[in-house]
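Every heavy atom of this structure was used, including side-chain atoms; hydrogens, water molecules and symmetry mates were not. Lettering follows sequence order; numbering is per chain, from 1.
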12 protein chains.
Amino acid sequence: MVKPVLVLNGPNLNLLGVREPEIYGTTTLEDVRSACTTRAESLGLSVDFHQSNHEGELVDLIQRSKTDNSGIVINAAAYTHTSVAIMDALKMCGIPIVEVHLSNIYQREPFRHHSYVSSVANGVICGFGSKGYELALEAMEQIINA
Amino acid sequence: MVKPVLVLNGPNLNLLGVREPEIYGTTTLEDVRSACTTRAESLGLSVDFHQSNHEGELVDLIQRSKTDNSGIVINAAAYTHTSVAIMDALKMCGIPIVEVHLSNIYQREPFRHHSYVSSVANGVICGFGSKGYELALEAMEQIINA
Amino acid sequence: MVKPVLVLNGPNLNLLGVREPEIYGTTTLEDVRSACTTRAESLGLSVDFHQSNHEGELVDLIQRSKTDNSGIVINAAAYTHTSVAIMDALKMCGIPIVEVHLSNIYQREPFRHHSYVSSVANGVICGFGSKGYELALEAMEQIINA
Amino acid sequence: MVKPVLVLNGPNLNLLGVREPEIYGTTTLEDVRSACTTRAESLGLSVDFHQSNHEGELVDLIQRSKTDNSGIVINAAAYTHTSVAIMDALKMCGIPIVEVHLSNIYQREPFRHHSYVSSVANGVICGFGSKGYELALEAMEQIINA
Amino acid sequence: MVKPVLVLNGPNLNLLGVREPEIYGTTTLEDVRSACTTRAESLGLSVDFHQSNHEGELVDLIQRSKTDNSGIVINAAAYTHTSVAIMDALKMCGIPIVEVHLSNIYQREPFRHHSYVSSVANGVICGFGSKGYELALEAMEQIINA
Amino acid sequence: MVKPVLVLNGPNLNLLGVREPEIYGTTTLEDVRSACTTRAESLGLSVDFHQSNHEGELVDLIQRSKTDNSGIVINAAAYTHTSVAIMDALKMCGIPIVEVHLSNIYQREPFRHHSYVSSVANGVICGFGSKGYELALEAMEQIINA
Amino acid sequence: MVKPVLVLNGPNLNLLGVREPEIYGTTTLEDVRSACTTRAESLGLSVDFHQSNHEGELVDLIQRSKTDNSGIVINAAAYTHTSVAIMDALKMCGIPIVEVHLSNIYQREPFRHHSYVSSVANGVICGFGSKGYELALEAMEQIINA
Amino acid sequence: MVKPVLVLNGPNLNLLGVREPEIYGTTTLEDVRSACTTRAESLGLSVDFHQSNHEGELVDLIQRSKTDNSGIVINAAAYTHTSVAIMDALKMCGIPIVEVHLSNIYQREPFRHHSYVSSVANGVICGFGSKGYELALEAMEQIINA
Amino acid sequence: MVKPVLVLNGPNLNLLGVREPEIYGTTTLEDVRSACTTRAESLGLSVDFHQSNHEGELVDLIQRSKTDNSGIVINAAAYTHTSVAIMDALKMCGIPIVEVHLSNIYQREPFRHHSYVSSVANGVICGFGSKGYELALEAMEQIINA
Amino acid sequence: MVKPVLVLNGPNLNLLGVREPEIYGTTTLEDVRSACTTRAESLGLSVDFHQSNHEGELVDLIQRSKTDNSGIVINAAAYTHTSVAIMDALKMCGIPIVEVHLSNIYQREPFRHHSYVSSVANGVICGFGSKGYELALEAMEQIINA
Amino acid sequence: MVKPVLVLNGPNLNLLGVREPEIYGTTTLEDVRSACTTRAESLGLSVDFHQSNHEGELVDLIQRSKTDNSGIVINAAAYTHTSVAIMDALKMCGIPIVEVHLSNIYQREPFRHHSYVSSVANGVICGFGSKGYELALEAMEQIINA
Amino acid sequence: MVKPVLVLNGPNLNLLGVREPEIYGTTTLEDVRSACTTRAESLGLSVDFHQSNHEGELVDLIQRSKTDNSGIVINAAAYTHTSVAIMDALKMCGIPIVEVHLSNIYQREPFRHHSYVSSVANGVICGFGSKGYELALEAMEQIINA
């Protein structure tokens, strides 16, 4: 049986839909988890869903994924642009990786245009809000079953 | 009734699946068109599918899309990185735009890391081969019906 | 008798006054042509007025100008910033060149601050909307009759 | 009643006054806390005073400040120059922020001249040793009661 | 009645037509003043014409223009490229600004390609010698009476 | 007895509160002088308060401060970013220097992020409006009486 | 039998020997074609000789070369420095490529020092005028018959 | 008696020899610890051996080393290139520091060519696999007993 | 008879030998004037010796030199690195120019390595203290009498 | 009679065909000399053929060429990218220069993309192995007899 | 039997311990040779020890090493940062290379942070004075006998 | 008695006055030597005068100067801009150094604006032809006898 897909969320995403809903919308991280679970099921997959503000914890989770998961869908948030440690962990995990971002990072500040994750991911999806997580799971399903 | 989505393909994509299939795979642009048509239908959409090697023709097609289409899915290929004219046309068309690339452009040569299209698109999907076009259409459907 | 001045317009200018009039105003390219014709007459000149979205067509028109025109007033739009081919054609045409832009390009995105056309033009006028075309014709008249 | 001001100290500041007193002086972080408490009282404020070497813990504390604090005085030390995660957390907290540094960071190594915190702070005070914390609290008081 | 337009000339322009006439031509700054006066009259305007080698004096004149003038035509010469003070004064004066240069500064040394004035001017005219002052006045007239 | 602190204001600050009060507020430079005088007195200090639009005059005043003043509080405005001459004068004056800015210069245009003054000042305070002058005087008092 | 070598000429080369012969010499593109034909015959080769000002047409011709030609000798002129589309087409054609330039591009403006074509060509010949085309054909002959 | 040398290992090194042994070899971090212990003994030293994926924990350990250790041998892995916090902690610890890397980082991606650790270390050893740790201990012994 | 050589001194040089003599030595600007006068006489020359802190005054003096002087020896001090206005004035004066600096500016901060004056001077002498003025006069004498 | 062409080879080329023939091929520098001699004869030329690992010796040989040779064909190898001395010597020799490289240097490491030799050579030929020397001689013959 | 290790020393190292011993210590190059000989013996190796100030001689020695030596320990001194010729020779020699520096070059001037040698060496050791040569020999022994 | 001053000349200076006298003048290096000898005598000095095209020989000569000479006047020609080895040798020689150039190097190609020699020389003289050597000797005399 296929092992669950690790859906990993980086710093400050725990506040999604809680802070400034007039700007970021009212979808919470709990809503994202729920949408991921539903879509995963319809694709014959399951998900492990995590969030952390700590770079080291994210590295720990990625290291464990090699044995526990069949793929990683990751929104590393701010660490996308600064963490070589997360990039190194991803490179060593040996399972497919899909990078996802809620917003189109290429329309934000210049320092958000570069992603350490992109250089080790199979593909990237950004700019479609929480819908992007669902698309990432469908892309993951195709890679796993290719 | 919803107007068709313009699916626009840039230079050299007409050779997809024809040249060096051992490298790029055997999926042809005709196969991509067919997959797009099928997925569009299942989403309640239809597609206008075009390819051109000429920057000016792509600008012409984008200009016309304002009245003829409900959205644009664009893989501008090489013009992604060099065409301010395409970027300007996209900015003026006033309909949703999803950028798609077959490969993960952030793992290729540095001059392919910058996209003029990204700065005017709603979102970006790259690295999932022709599957990316289908995901782009699903993302487009959600934007159109939001 | 003095040959007509070639007034050349680059990509997307055919949409002037048609798209987003609340932003760009309601002056159309047809209005610009009309204002140019009137001002030219008052200066003892006539104009050949063209627009194209195709880089190669603009090169073709510039090449022909050497025999057909007494000067070029050019708003190369997006190609201002990317076309070495247009620059090379202008350098070879051997007649006076005045560069014009509707907006002040030095107040827009950084990639619009550099102009290949400026390096081969006699002078530059920007930031005065369609009025700039009229000023360009007056400057041209002075150069031609100097 | 006014909620306490969060006074947040980044990595290695726990060693203030302990290591190399001949260079950094003998003022300890405990002394800074004490001076902050006294000054805050004279301004009608109170303080929550924290230090951590962990980027993730600092993000956690900033996230909580939205409900628990009326403002943040932050000396992010080394994370000033590397942490997009702290910047993002600060941007979402919705309360006033004053950045403080013991030394004049613009006279140190070039990589310390850029601060992610400055781009989201109301103001910056640096170069006055622990006195700067007191000035920061006075500036904060004025912003809160404006 | 419309207040006069301030025509402001920066350092070394007092030598126009006096030094190296074989290079710069024989038109003097007095000739420019005279041409400006005539053209202004034909447009229903008048001019205040000044030159100074002192950055501070130019700032003083710009500050006074808010009450004394209806617009500024400025050739800041060398200060174009180095004076943030003049840029700030222009930004605060609240009246229309047209930048003019005798030569096409984009064909000269690289450090002359950047203008602090351009970023606060309504428009720019360069490369037409003293004729550019006349075109600037016409552009100014249109802005004032818009 | 302690010599007065020189409070030095650079170009365009004479217009503070006069131009565009809806943007910059209604505090005038006279108000700043008055607040400085009051705060200085409460700290046992007095102030020499000057403003000039001329770089050379500011250099003259700084040169004289060595004998006439006990410290310098300087808001060099636009010269902050361009004047090596003011930096050199400050470096030679041998008395404490506190740099102050009304706004947070690190949130403005990139060319305002670099300050020649910062590299020779004891400390920097910015982003608190005219309140920053008062904080600067308090910091100065502490340095003088340290 | 060996298929003909495609000799491809980019924008403005149709004016060779026609415009400013005192600068560029009197050799026309027709002369170059003729010299190529003669040399090719002496090497046991034949040539397909084309020129276009249109980037898209050049891409079309390169795409067709895979089946129609045994090699490409290309002088992409201005597109050498700006066209990723031509580079991509050349990379996909699977036949040998020799880049040629009439002048020594490394002695011209800096933006002409970088060539997208060089990164996919077997070799480069520049600076020998039309003679360079003949040398390119000899080099091509050796590669084809290696 | 000499205090133990702190041998500190950064993120992902816990997977050494476990992941992709065909690439990184079969030496585990446990093997490195064992080799370090043996070599240290032969040099009259002992070692404290740690690994952590958490930047903050590494800072904590470095802070404690001032009292507990006689020197630090550090392989900061990914944090080598991003952590100013670790650099600052190292600068304050006041004991000798030897930097070690398993691979030759100057032959890897450009962002790995810069090390914050190098700027505060006594010396650097890289490219000799786990043998480098032994050489680092010998170098450390010489510094301690110098 | 030969007109006097203008010896021009920029901002802060009036403090030479007065401020921090332990660093800059005790030679005053008056001493430099005296040494210049003596050396000039021995070379059959005379000198006009000036100092100003005002950029505009220095421009004024340089403009007048065309008629009043046979050459300029200039130590522009801080304006060396920032003043395009002085450079432009020097370029227009049409008499020989020798640049002199007391210290070796190429061993000071990077922003002092670039000199606008060098690009228009006949030659440069730096690093020999006030002796450099004497050498400059001898070099000037040779140029004048060449 | 025509003086011989100097064929000059830089550092490490003496190992051509000797080291790693599986990579660089089995053609030796002796073979290149022989091919040059033969081709030269068929063109009515002769060659002086040299190799040196010493920058100074190459400068010496170039200096002597003015009197002894009719042209220089130079493959400066590594010195291509670092030697201003060789560039200066070539600029002073006053005879035609053709630069040649065995490989396409524009496809190698970035520091090999810049050539000091190109800026003083008549033309450049690269990427055709030893055949390039023969083409260089033919180009040289045309220049000499032009 | 194992061939000797070539220990190669670049320019100015012949002065080691002779010039400014208060700065560089009193260890001479002769002492280094002696320590190398002793350590080599204890490792079952022997050494060929050379120094030269001439780039070309160093290239000659490296070329000969392929047949005469089993490995190279190189301190290229100043040529580390400027010599592509030495890098090319090392790349062609086909035997193991260990780079060594007396000081920590990453704490010196920026132009010493880049090493052409590092990109072709197996590993790098720097900052441990002459002890580094001994460590280099031990590392070399392990590579040779691996 | 004072030891002679080493006057050192770099690559291609042996051709001074021999090659292209219409450009570089007819003064030969022999003439320079003669002028140096005469001026040295009048200053109570003598000179050792050398030229070499070899970087290593120049390093050798500088190394010997510590014992044989009282100062160095050096025109390193092309090596000025590329030789870290010469810079290192000069830094170690412990005697005064005056850098001289025939032309004003700051008006030549950009790569000639940076000098490794300037960073270790007492002072710099350039732009006065061979006269500069005489001025350098006078400056040297003052330093030696200071």
Write out, in numerical order, the residues from residues 50-83 of chain G with a heavy atom short of 4.5 Å from a heavy atom in chain B.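 So the qualifying residues are G/Glu55, G/Gly56, G/Glu57, G/Val59, G/Asp60, G/Gln63, G/Lys66, G/Thr82.
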Residues in residues 99-131 of chain G near chain B [non-hydrogen atoms, under 4.5 Å]: G/Tyr116
Is a donor on one side and an acceptor on the other found under 3.5 Å between the side chain of G/Asp88 and the backbone of B/Asn12? no
